[in-house]
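What follows is a single structure, written as structure tokens, with notes after it.
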Amino acid sequence: MSKTGNTRSATITVSVKSGSLPVSGGAVTVTVTSPTGSVSKLSATTSANGSATVKYSLKPKDPSGTFNAQVVASAGGVAGTASTSFVMQ
């Protein structure tokens with residue numbers, strides 16, 4: 001997480017693997033839910049090493065608190081999910 005001026009942001013990195021092998025070209029959707037229930041969807045494609053990164057930014061008036069992230073990754077007709085949470089001050 002970082003803060004530049006009045007803007008706060010969180011960088012979310014997802015690693016997608018099939019067994020122990022990285023999945024290249026996979027579609028990743030990250031759905032972030034704020035403490036007030038507001039929902040934002042971010043998308044990315046996995047690189048050759050199986051990772052995808054999205055940046056979630058907050059405006060100065062957005063609330064602090066715990067945010068939940070739900071991830072769906074798919075490639076070759078197979079999908080997987082994961083979830084996590086993070087705190088923005």
Side-chain angles (χ1 to χ4, degrees):
M1 283 163 287
S2 66
K3 184 175 181 178
T4 305
N6 290 330
T7 302
R8 297 170 288 162
S9 64
T11 301
I12 301 167
T13 302
V14 178
S15 178
V16 181
K17 294 183 178 185
S18 176
S20 62
L21 301 175
V23 175
S24 177
V28 174
T29 301
V30 180
T31 304
V32 179
T33 305
S34 75
T36 61
S38 176
V39 175
S40 298
K41 288 193 180 222
L42 308 164
S43 298
T45 302
T46 58
S47 64
N49 68 358
S51 68
T53 302
V54 297
K55 184 175 181 180
Y56 179 72
S57 296
L58 290 157
K59 296 178 182 135
K61 292 185 179 180
D62 287 340
S64 296
T66 301
F67 290 73
N68 293 303
Q70 177 72 35
V71 179
V72 177
S74 61
V78 179
T81 62
S83 61
T84 192
S85 62
F86 56 94
V87 176
M88 296 288 281
Q89 301 295 329

Thr33 OG1 to Lys41 NZ distance, which is reported to the nearest 0.5 Å: 9.5 Å

Heavy atoms, side chains only, cut-off 4.5 Å: are Ser34 and Met88 in contact? no

Closest contact, heavy atoms only, Asn68 versus Ser85: OD1-CB, 3.4 Å

Search all heavy atoms of Asp62 against all heavy atoms of Lys59 and return the closest pair with its distance. OD2-N, 2.8 Å

On a heavy-atom basis, the closest approach of Ala44 and Ala52 is CB-CB, 3.9 Å

Chi angles and distances behind the side-chain contact (heavy atoms from CB on, under 4.5 Å) call for Ile12, Val32: CA-CA 10 Å; Ile12 301 167; Val32 179; 4.1 Å; yes

Do Pro35 and Thr66 touch side chain to side chain, with heavy atoms closer than 4.5 Å? no

Minimum heavy-atom distance Ser83-Gln70, with the two atoms named: CB-OE1, 3.5 Å

Parallel, tilted or perpendicular: rings of Tyr56 and Phe86 (30°, 60°): perpendicular

Which atoms form the tightest heavy-atom contact between Gly26 and Thr46, and what is the distance? N-OG1, 2.7 Å

Atom pair OG/CG of Ser15 and Asn49 - distance to nearest 0.5 Å: 7.5 Å

At their closest point, which heavy atom of Val54 faces which heavy atom of Ser43, and how far apart are they? CG1-O, 3.9 Å

Applying a strict under-4.5 Å side-chain criterion to I, L, V, M, F, W and Y, I'd like to know whether Val72 and Val23 cluster together. no

